[in-house]
Colleague: 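The structure follows.
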Amino acid sequence: MDYAYVALQSYMVFTLSLIFAMIGLAIKIQSEDIYMDEFDFIKSIQQKNYKQPSLIKGVGDDAAVFRSTYQDTVTSVDTFVENVHFSIETMKPYHIGYRALAANISDMAAMGCNPAYYLVSIVIPKHWSEQQLADIFEGMKDLASVHNMDLLGGDTVSGNELVLSITVIGFVDKDKARYRSNAVSGDRIFVTGTLGDSAAGLHVLLELDEKDQEPFSYFINRHRMPTPRVSFAKRLQSLSRVALNDISDGIANEAAEIAEASKVMMHINYEQIPSHHQLDQFDYDKTKEWKLSGGEDFELIGTVSEKEWPLVVKIGEETNTKVTAIGYVSELTNIAHNVMLYENNNKQVLHKSGYTHLK
C-alpha cells in the first residue's frame, strides 16, 4: 500500500536533500535498435519553463532546488511493475505514464494537498523502444500540466522488465492535511464519482475483441486515464474535520483502513454506492465485485460530520464532482469486524478484499 508522510518544512528540507542527492539522471540505454546517451535523454524530458514559482532549479543538475514556504509538505511514492500493475496488452505507453502519475496525484488529493513536483525512476528493458519511453513521459507530462506540476528529475537504469517509481511532492496549508484517523461516530460516509469503472474497463480490454470494445469506451478511458479529485479535496480545507482515503485498492480495503485508523465502525449501504448506468450491462456478481473490490478508480472515500455534510455537497457542485453519501460511522463494538455492508435488508461483514501488495 502506498504511504504519505506529512511534516513541516524544516523536517522535509532534510528528507528531500536525501532524495535529491539520488537524482543524477545518468543513463545509457542500449538495445538492438536504439542508443541514447545521458545528455540526449535529459534534454528530451527537460522542461523549458517551470510552473511552480518555488522551484529554483529542476532537471539538469546533480540535484533539484526549491525554496521552502510556510506550508506543510506532503510526499508520496508509488512503484509500478510491468505485468503486475500494468500491461502493454491493455495500455499504450502514453496511458502507462498518465495512469502512474494519476495514482500518485490521487494520494495527494486524499491528503487534501496541492501536488507541485514529481520525480521518476525508471527501469528499462531492452525490448522497449525510444519512442515508447518518450510516450510514457509524454503521458506524465500532459497530466502534470493539468496540475501545474514540475518534473524535478529521477533515475534511469536497465533491467529485465519495465518498472516506474514515482515520487510526488505537494503542499497543504499548515495543519490542514487530511488523515484516515479523523473519522468519528456520527459522521456520514461519502464517495466521489462512480465505482467499478476501472475494473469494468480492464474486463472489456481483456475479454472483448477490439471491434466490440467501442460501446464501452467510457470504462476503458476510466481505466487508462483516471481523474484524481484534487480540486474537490483542496476545497475541503474549509471544513473543520474530514477523513479521506483514495480508492486505489477497492472500497472494501479503503473503508477498513479508515475504520482501523480512527478506531470506529463503518456502515455502508450497497444500494447507495454510485455506479455508471452502463455497468448494469454486466453480470451482477461481477459488478458487485468491481464496485467493492475492483479498485483503481482513484476516487475518494471520506467521512464528515452531519453538520458539515451540506458543505461537502456544495463543494462537489462547485467543482463538478459527483458526491454520494453511502453510510455512517459508529463507535467500534467489534475489533475483528469494523466494516459492515447492508444489502436488501441483509447485514454482513465487509472483509478486506481487492488488490493486496506483497502477495
Colleague: Check Lys322, Lys291, Arg222 against Glu299 for a salt bridge (charged side-chain N to carboxylate O under 4.0 Å, His left out) and give me the one that passes.
Modeller: Arg222
Colleague: To the nearest 0.5 angstrom, please state how far the CG atom of Leu239 sits from the CD1 atom of Ile315.
Modeller: 5.5 Å
Colleague: Donor-acceptor pair, distance only, cut-off 3.5 Å: does the side chain of Asn245 make one with the backbone of Ile258?
Modeller: no
Colleague: Just say parallel, tilted or perpendicular for the rings of Tyr218 and His276, cut-offs at 30° and 60°.
Modeller: parallel
Colleague: What do the steps show when you test Tyr94 against Phe137 for ring pair (Phe, Tyr, Trp, His ring centres under 6.0 Å), and what is the final call?
Modeller: CA-CA 7 Å; Tyr94 177 92; Phe137 277 87; over 10 Å; no
Colleague: For Glu271, look at atom CD and say whether over 12 heavy atoms of other residues, nucleotides or ligands are found less than 6.0 Å away.
Modeller: yes
Colleague: Does any part of the side chain of Tyr270, heavy atoms only, come nearer than 4.5 Å to the side chain of Asn346, both counted from C-beta?
Modeller: no
Colleague: Would you say Leu244 and Ile251 are hydrophobically clustered, going by side-chain heavy atoms of ILVMFWY under 4.5 Å?
Modeller: no
Colleague: Quick one: list whatever passes side-chain contact (heavy atoms from CB on, under 4.5 Å) with Val146, sequence neighbours left out.
Modeller: none
Colleague: I want to check something: taking the side chain as every heavy atom from C-beta on, are Tyr117 and Met149 in contact at a cut-off of under 4.5 Å?
Modeller: no
Colleague: Are side-chain heavy atoms of Thr321 and Arg229 found at a separation under 4.5 Å?
Modeller: yes
Colleague: Taking only Lys NZ, Arg NE, NH1 and NH2, and the carboxylate oxygens of Asp or Glu, determine whether Asp187 and Arg241 approach each other closer than 4.0 Å.
Modeller: yes
Colleague: Return the CZ to CD distance between Arg180 and Glu257, rounded to the nearest 0.5 Å.
Modeller: 4.0 Å
Colleague: May I have the step-by-step check of side chain to side chain contact (heavy atoms under 4.5 Å, CB included) for Asn104 and Phe80, ending in yes or no?
Modeller: CA-CA 11 Å; Asn104 284 82; Phe80 307 88; 3.7 Å; yes
Colleague: Determine, using the 4.5 Å side-chain heavy-atom cutoff (strictly less than), whether Tyr342 and Tyr284 are members of one ILVMFWY cluster.
Modeller: no
Colleague: So, Glu343 and Lys288, do they make that salt bridge, N to O below 4.0 Å?
Modeller: yes
Colleague: Spell out, yes or no, whether Ile301 and Leu350 are grouped together once hydrophobic residues are joined by side-chain heavy atoms under 4.5 Å, including indirect joins.
Modeller: yes
Colleague: I would like to know whether Leu101 and Tyr118 meet side chain to side chain contact (heavy atoms under 4.5 Å, CB included); could you show each step before the answer?
Modeller: CA-CA 8 Å; Leu101 183 58; Tyr118 67 109; 4.1 Å; yes
Colleague: Any non-hydrogen side-chain atom of Leu195 less than 4.5 Å from a side-chain atom of Ile247?
Modeller: yes
Colleague: Is Lys352 salt-bridged to Glu260, cutoff N-O under 4.0 Å?
Modeller: yes
Colleague: I'd like to know if the side chain of Ser106 pairs up with that of Asp246 as donor and acceptor (distance under 3.5 Å, no hydrogens or angles considered).
Modeller: yes
Colleague: Is it the case that one hydrophobic cluster holds both Ile122 and Ile88, taking links as side-chain heavy atoms less than 4.5 Å apart, direct or via other members?
Modeller: yes
Colleague: If you round to the nearest 0.5 Å, how far is OG1 of Thr287 from CD of Gln281?
Modeller: 11.5 Å
Colleague: Could you check whether any side-chain N or O of Asp249 sits under 3.5 Å from a backbone N or O of Gly295, counting only pairs where one atom can act as donor and the other as acceptor?
Modeller: no
Colleague: Would you say the side chains of Gln213 and Asp209 form a donor-acceptor pair under 3.5 Å?
Modeller: no
Colleague: Grab the two heavy atoms, one from Pro228 and one from Ile105, that are nearest each other, plus how far apart they are.
Modeller: CB-CG2, 3.6 Å
Colleague: Return the minimal non-hydrogen interatomic distance between Val172 and Gly112, and the atom names on each side.
Modeller: CG2-O, 3.5 Å
Colleague: Flag yes if more than 12 heavy atoms outside Asp283 fall under 6.0 Å of its CG atom; otherwise flag no.
Modeller: yes
Colleague: Quick one: CD on Glu207 to CG on Leu205, what's the gap to the nearest 0.5 Å?
Modeller: 10.5 Å
Colleague: Looking at Asp212, I'd like to know if its CG atom is crowded, meaning that more than 12 non-hydrogen atoms belonging to other residues, nucleotides or ligands lie closer than 6.0 Å.
Modeller: yes
Colleague: Are Ile124 and Ile136 co-members of a hydrophobic cluster defined by side-chain heavy atoms under 4.5 Å apart?
Modeller: yes
Colleague: Is the shortest side-chain heavy-atom distance between Asn182 and Ser262 below 4.5 Å?
Modeller: no
Colleague: Are any of the side-chain heavy atoms of Val120 and Ser165 separated by less than 4.5 Å?
Modeller: no
Colleague: Within the side chain of Arg99, is there an N or O that forms a donor-acceptor pair under 3.5 Å with the backbone of His223?
Modeller: yes
Colleague: Measure the CD1-NE2 distance between Ile220 and His203 for me, rounded to the nearest 0.5 Å.
Modeller: 11.0 Å
Colleague: In sequence, state the C-alpha distance, the side-chain angles, and the governing distance for Ser240 and Glu308, and then conclude on side-chain hydrogen bond (donor to acceptor under 3.5 Å, both in side chains).
Modeller: CA-CA 8 Å; Ser240 61; Glu308 293 192 309; 3.0 Å; yes
Colleague: For the residue pair Val264 and Ala183, what are the closest heavy atoms and their distance?
Modeller: CG1-O, 3.8 Å
Colleague: Please confirm whether the backbone N or O of Leu236 pairs with a side-chain atom of Arg178, one donor and one acceptor, at under 3.5 Å?
Modeller: yes
Colleague: Which ILVMFWY residues can you reach from Leu206 by hopping between side chains whose heavy atoms are under 4.5 Å apart?
Modeller: Leu202
Colleague: Is there a donor-acceptor pair closer than 3.5 Å between any side-chain N or O of Ser181 and the backbone N or O of Ala261?
Modeller: no
Colleague: So Leu143 and His147, side chain to side chain contact (heavy atoms under 4.5 Å, CB included) or not? Walk me through it.
Modeller: CA-CA 7 Å; Leu143 181 58; His147 299 283; 4.0 Å; yes
Colleague: Assess whether atom CD of Glu89 is packed by more than 12 heavy atoms of other residues, nucleotides or ligands within 6.0 Å.
Modeller: no
Colleague: Quick check for you: to the nearest 0.5 Å, what is the distance between Gln278 atom CD and Phe219 atom CZ?
Modeller: 5.0 Å
Colleague: Testing the basics here: between Thr319 and Arg235, what is the closest heavy-atom pair and its distance to 0.1 Å?
Modeller: CG2-CG, 4.0 Å
Colleague: For Val339 and Ala259, which heavy atoms make the closest approach, and how far apart are they?
Modeller: CG2-CB, 4.2 Å
Colleague: Tell me, please, which residues at least two apart from Tyr328 pass side-chain hydrogen bond (donor to acceptor under 3.5 Å, both in side chains).
Modeller: none
Colleague: Looking at Ser275, is its backbone amide N or carbonyl O close enough to the side chain of Thr194 to form a donor-acceptor pair, meaning the two atoms are under 3.5 Å apart?
Modeller: no
Colleague: As a quick check of understanding, evaluate side chain to side chain contact (heavy atoms under 4.5 Å, CB included) for Thr75 and Thr167, giving each step before the final call.
Modeller: CA-CA 7 Å; Thr75 181; Thr167 300; 3.6 Å; yes
Colleague: Can you name the closest pair of heavy atoms from Ser248 and Phe298 and give their distance?
Modeller: CB-CE2, 3.7 Å
Colleague: Within the side chain of Ser145, is there an N or O that forms a donor-acceptor pair under 3.5 Å with the backbone of Lys141?
Modeller: yes
Colleague: So, do Glu331 and Met265 sit near enough that their side-chain heavy atoms are less than 4.5 Å apart?
Modeller: no
Colleague: For Met91, does its backbone N or O pair with a side-chain atom of His95 as donor and acceptor, under 3.5 Å?
Modeller: no
Colleague: Heavy atoms, side chains only, cut-off 4.5 Å: are Trp290 and Asp197 in contact?
Modeller: no
Colleague: Taking Asn114 for its side chain and Gly170 for its backbone only, find out whether a donor-acceptor pair lies under 3.5 Å.
Modeller: no
